[in-house]
Amino acid sequence: MTPAYDAAVRREELSARLQQVEERIGSACRAAGRPRGDVTLIVVTKHFPVQDVEALCELGVSNIGENRDQEASAKIAALPPEVRRRLQVHFIGRLQSNKAASLASYVDTVHSIDREKLVRALDRAAAAGGREIGALVQVSLDADTAAGGRGGIPLEGVAALADSVAASDHLTLRGLMAVAPLGVDPAEAFARLATAAGGVRAGHPGAGWISAGMSADLESAVANGATHLRVGSAILGSRPPFG
Ligand SMILES: *Cc1c(COP(=O)(O)O)cnc(C)c1O
């Protein structure tokens, strides 16, 4: 039997974990000599119910991340309008171009642009919906990209793809995103990302976002210039406790 969703208990739990993550971000910023305001926390709510999104919003969260279109579109549609208005919705997952139209109807920013075909599909979908969508190029930091890794375009392809996003009428280039590869020092990977981001920013001064860092490696990401952290399990828990 699935236990009922106890809103009061869950709110306490989310509040406590959010505070712990806030403290980690605060310490990481102090250690790096960066103001806390440099870093935006995106709470990754994938696999968790819409009630959690509402609770997080009440606790002051204004940015959420999702990684599957089907789940995200249903969840966003179920939000009360006043909650939706207070949230920025970030899409951080692998993306197929046939999902572009659906995505363009609810997402504010897509972090996972890793090929030209997606740029065109998303730009067309945004145009059709009369929307402007923020876009980040996802970079692969895996040594062996051919092995599949964790998504993204190899570093040598980043500049051209970023130019293509920037040239799109209905997409706004925000910067770069990456996931640290498994089995390597995240600091080394995030340092490479920061270098690539500097290159992109030189050509596109408005594209200063570096989306990096998750529950396990957010300190390293902050030390290496991340402006946006995508934190899931440290706040929501490791698996869905409710249906
Ligand atoms: C799930 C996910 C996260 C959050 O990961 P946690 O380890 O749960 O914090 C961040 N980024 C991406 C791309 C994800 O898919």
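Atoms within a ligand are numbered from 1 in the order they appear, just like the ligands themselves. Values below: all heavy atoms of this structure, side chains included; hydrogens, waters and symmetry mates excluded.
In this model, a donor atom of one side chain and an acceptor atom of the other lie less than 3.5 Å apart for Asp163 and His204.
Closest non-hydrogen pair, Leu173 versus Ala162, comes out as CD2-O, 3.6 Å.
Applying the salt bridge (Lys or Arg N to Asp or Glu O under 4.0 Å) test to residues at least two apart or on different chains, the pairs with a partner in residues 124-136 are Asp108-Arg131.
Side-chain contact between Leu41 and Val61: absent, with no pair of heavy atoms (C-beta onward) separated by less than 4.5 Å.
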Next item on the list: For Asn63 and Thr40, run side-chain hydrogen bond (donor to acceptor under 3.5 Å, both in side chains): C-alpha distance rounded to whole Å, both residues' side-chain angles, the deciding distance at 0.1 Å, then the answer.
Entry: CA-CA 8 Å; Asn63 288 270; Thr40 299; 5.5 Å; no
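Under the 30°/60° scheme for interplanar angles, the aromatic rings of His111 and His90 are found to stand perpendicular.
Among protein residues, Val44, Lys46, Ile92, Met177, Val179, Met214, Ser215, Arg230, Val231, Gly232, Ser233 come within 4.0 Å of ligand 1, judged on heavy atoms.
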